[in-house]
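Treat the numbers as computed from the prediction; the structure is a model and nothing was measured.
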Amino acid sequence: MGVFKELLSFSKGLIAEPELRLREIAGGGTRAAIPIVIYIVYILANALFMEIKPPDFPAEFAPLGLREKSWIFYFSVELWWCTIFTAAFSALFLYFLRIFSAGKIFLKALVCAAAVSALTAAAFYARSAPVFLLLSAVMLLFMARVIRAEQKTWWRFFQAALALNLIGAIVLPLEFAAVYLRSENLFIVAVLAAGLWILLLLIKMAGIFTGAGIPKAVISLGAGLCSALLFIFLLCRAGVISPEIYELMFTL
């Protein structure tokens, strides 16, 4: 089967039978090129959308003061920084799934919450870029250790996370329509629908890869997402990511 036909078959399956397709990725039955192509196509289409969309649409984005950029700029930001965020999130989500899947989670949750809170407090109270850079390096080394320990599983987990961008691609025509109609409500509904759909698939993905139940998957998802966002925040405060790109990442 050619890549194009395989891509269409996989995409249809991910919508109609997501569990089956996610299990195929988990078992190594899907070529890595398929999720990567889905991701590239999505970020290319989204970059074109961002170029067309007024930077102050919807009104909630106006306080960010985003300026109009070319689609090449948006594409490069997504290709570089959003991919790094997805890789970091995949590692951290997988780590918390492993931690919380075995045994009672109350004490583990307290310890993890304390660790993340301490790192967050250090990030907010630090005043110099070298401190932020050091904290970023600590998190980077930690994630590298997780990836090394879970190399095969993480790679497939990462592929599955990339494949979920198909949901964003499906909803994107509604976002184009919202901009054309100047309907902020339609835009917000489309974004929320895509976000909820992806969250549900991430929870399903957690069970497929680690056997975690829904409560543990939800806790791990929250911990992984907060930790990944903290990593990006540290990179911004360290000067690795510009404030403009940092703010833009939350709108892509």
Arg31/Glu6 ion pair, N-O < 4.0 Å: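 Judged by the 4.0 Å cut-off on N to carboxylate O distance, Arg31 and Glu6 do form a salt bridge.
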For Arg98, is there an ion pair with Glu150 - N to carboxylate O distance below 4.0 angstrom?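 Between Arg98 and Glu150 there is a salt bridge, with a charged N closer than 4.0 Å to a carboxylate O.
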Taking all atoms of both residues into account, what is the closest heavy-atom pair of [X] and [Y], and its distance?
X	Y	answer
Val179	Pro54	CG1-CD, 3.9 Å
Ile38	Ala163	CG2-O, 3.9 Å
Phe96	Ser227	CE1-OG, 3.5 Å
Ile170	Pro173	O-CD, 3.1 Å
Leu235	Ser136	N-OG, 3.6 Å
Ala217	Leu97	CA-CD2, 4.0 Å

Hydrophobic cluster membership, with links at side-chain heavy-atom distances under 4.5 Å among I/L/V/M/F/W/Y: are [X] and [Y] in one?
X	Y	value
Ile36	Leu14	yes
Val189	Leu181	no
Leu199	Leu201	yes
Ile52	Leu174	no
Leu140	Leu230	yes

Donor-acceptor contact below 3.5 Å, side chain [X] vs main chain [Y]:
X	Y	answer
Ser9	Lys5	no
Lys152	Arg156	no
Ser76	Phe73	yes
Arg237	Phe132	no
Ser220	Phe93	no
Thr251	Leu248	yes

Can you find a heavy atom in the side chain of [X] that is under 4.5 Å from one in the side chain of [Y]?
X	Y	value
Val146	Leu92	no
Trp81	Val240	yes
Thr210	Leu94	yes
Leu229	Phe250	yes
Val171	Val191	no
Arg21	Thr30	no

Hey, do the aromatic rings of Phe142 and Tyr95 have their centres closer than 6.0 Å? yes
Report the C-alpha separation of Glu17 and Glu24 in whole Å, then their side-chain angles, then the decisive distance to 0.1 Å, and conclude whether the side-chain contact (heavy atoms from CB on, under 4.5 Å) test is met. CA-CA 11 Å; Glu17 299 176 300; Glu24 284 183 3; over 6 Å; no
Can you tell me how far [atom2] of [Y] sits from [atom1] of [X], rounded to the nearest 0.5 angstrom?
X	Y	atom1	atom2	value
Leu202	Leu221	CG	CG	5.5 Å
Ile147	Trp155	CD1	CH2	11.0 Å
Ile84	Met249	CD1	CE	8.0 Å
Trp80	Ile241	CH2	CD1	10.0 Å
Ser90	Gln159	OG	CD	10.5 Å
Ile15	Leu166	CD1	CG	4.5 Å

Before you tell me yes or no, could you show the steps for Arg182 and Phe57 under side-chain contact (heavy atoms from CB on, under 4.5 Å), namely the whole-Å CA-CA distance, both residues' side-chain angles and the distance that decides it to 0.1 Å? CA-CA 8 Å; Arg182 299 295 295 181; Phe57 179 89; 4.1 Å; yes
Residue from Thr86, Asn165, Thr83 passing side chain to side chain donor-acceptor pair (under 3.5 Å) with Tyr39: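 Single pass found, and it is Thr83.
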Atom CD1 of Ile214 with >12 non-hydrogen neighbours under 6.0 angstrom: no
Glu19: partners by side chain to side chain contact (heavy atoms under 4.5 Å, CB included), with sequence neighbours left out: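 Only Arg23, Lys204, Ile208 meet the side chain to side chain contact (heavy atoms under 4.5 Å, CB included) criterion with Glu19.
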When the side chains of residues 43-50 are checked against the rest of the protein, which donor-acceptor pairs come out under 3.5 Å, sequence neighbours left out?
unit_1, atom_1, unit_2, atom_2, d
Asn46, ND2, Glu78, OE1, 3.3
Asn46, ND2, Glu78, OE2, 3.2

